[in-house]
K.L.:
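Please see the structure below; I have some questions.
Owing to the predicted nature of the structure, the values given are computational and were not obtained by experimental measurement.
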Amino acid sequence: MNYTNTIIELLLFALGLSLWINAIHLSFGQGMILEKLYKWLDKNIKYLRKPIFLCPTCMSSIHSLPLLLIFPLWKVIFICIFASVISTLLRDKLFENE
């Protein structure tokens, strides 16, 4: 088994998941398309808002759960950890000026 290709594929998958997470995070921002949904969720769902749409670092734990249907657990954990790191780095670069 070629582990180098597997790791590269998982890192690319983590990058794609990170881009997805940051896109969702941005779309719930002020003046964005899902801002009204953000306000409704903010009132009604206090404890789940952070891992679902508010924190890119926390979002990788929830958004990688459907991957358990496709990948074994060790691959999902690998993707989750690296997606968390990449999402945080992307968010810091995107919101650097705020």
Side-chain angles (χ1 to χ4, degrees):
M1 186 174 201
N2 194 352
Y3 291 108
T4 306
N5 287 342
T6 304
I7 291 173
I8 291 172
E9 289 170 356
L10 292 176
L11 284 173
L12 288 173
F13 204 89
L15 177 64
L17 183 62
S18 302
L19 292 173
W20 167 259
I21 287 170
N22 277 292
I24 290 175
H25 178 70
L26 286 172
S27 65
F28 277 99
Q30 186 176 3
M32 295 296 185
I33 193 166
L34 297 176
E35 181 183 11
K36 291 182 182 181
L37 180 61
Y38 168 77
K39 290 178 181 177
W40 182 84
L41 289 171
D42 194 33
K43 286 184 211 173
N44 297 318
I45 303 176
K46 296 288 183 190
Y47 301 107
L48 287 177
R49 64 182 179 183
K50 187 174 182 179
I52 292 176
F53 62 88
L54 195 58
C55 174
T57 307
C58 305
M59 287 170 70
S60 64
S61 62
I62 297 294
H63 291 269
S64 62
L65 284 179
L67 298 177
L68 287 171
L69 299 172
I70 303 169
F71 298 121
L73 181 63
W74 72 271
K75 287 184 179 183
V76 174
I77 292 172
F78 185 89
I79 290 170
C80 181
I81 291 170
F82 280 97
S84 173
V85 171
I86 296 169
S87 295
T88 305
L89 291 173
L90 284 174
R91 187 197 178 283
D92 288 348
K93 289 297 176 184
L94 289 172
F95 299 107
E96 186 173 75
N97 297 327
E98 293 182 8

K.L.:
At their closest point, which heavy atom of Ser60 faces which heavy atom of Ile21, and how far apart are they?
P.N.:
CA-CD1, 3.5 Å

K.L.:
More than 12 foreign heavy atoms under 6.0 Å from CD1 of Ile70: is that the case here?
P.N.:
yes

K.L.:
Would you give the length of the straight line joining atom CD1 of Ile81 to atom CG of Leu10, rounded to the nearest 0.5 angstrom?
P.N.:
11.5 Å

K.L.:
Counting distance only, does the side-chain N/O of Ser87 pair as donor-acceptor with the main-chain N or O of Ser84 below 3.5 Å?
P.N.:
no

K.L.:
How close do Arg91 and His25 get, counting heavy atoms only, and between which atoms?
P.N.:
NE-NE2, 3.5 Å

K.L.:
Please find the pair of heavy atoms, one from Leu34 and one from Phe28, that lie closest to each other, and give the distance.
P.N.:
O-CD2, 3.5 Å

K.L.:
Measure the CH2-CG distance between Trp20 and Leu17 for me, rounded to the nearest 0.5 Å.
P.N.:
9.5 Å

K.L.:
As an exercise, state the distance from CD1 of Ile86 to CG of Leu11, rounded to the nearest 0.5 Å.
P.N.:
6.5 Å

K.L.:
When you group the ILVMFWY residues by side-chain heavy-atom contacts below 4.5 Å and let the links chain together, are Ile24 and Trp40 in the same group?
P.N.:
yes

K.L.:
How long is the straight-line distance from CD of Glu9 back to CD1 of Ile79, given to the nearest 0.5 Å?
P.N.:
10.0 Å

K.L.:
Which pair of heavy atoms, one from Met32 and one from Ser27, lies closest together, and at what distance?
P.N.:
CB-O, 3.1 Å

K.L.:
Working to the nearest 0.5 angstrom, can you tell me the gap between Ile77 CD1 and Leu68 CG?
P.N.:
8.5 Å

K.L.:
With hydrophobic residues grouped by side-chain heavy-atom distances under 4.5 Å, do Trp74 and Val76 end up in a single group?
P.N.:
yes

K.L.:
If I compare all heavy atoms of Ser61 with all of Ser64, which pair ends up nearest, and what's the gap?
P.N.:
O-OG, 3.5 Å

K.L.:
With a 4.5 Å heavy-atom cut-off, do Phe82 and Ile7 have their side chains touching?
P.N.:
no

K.L.:
Are the aromatic ring centres of Phe71 and Phe13 under 6.0 angstrom apart?
P.N.:
yes

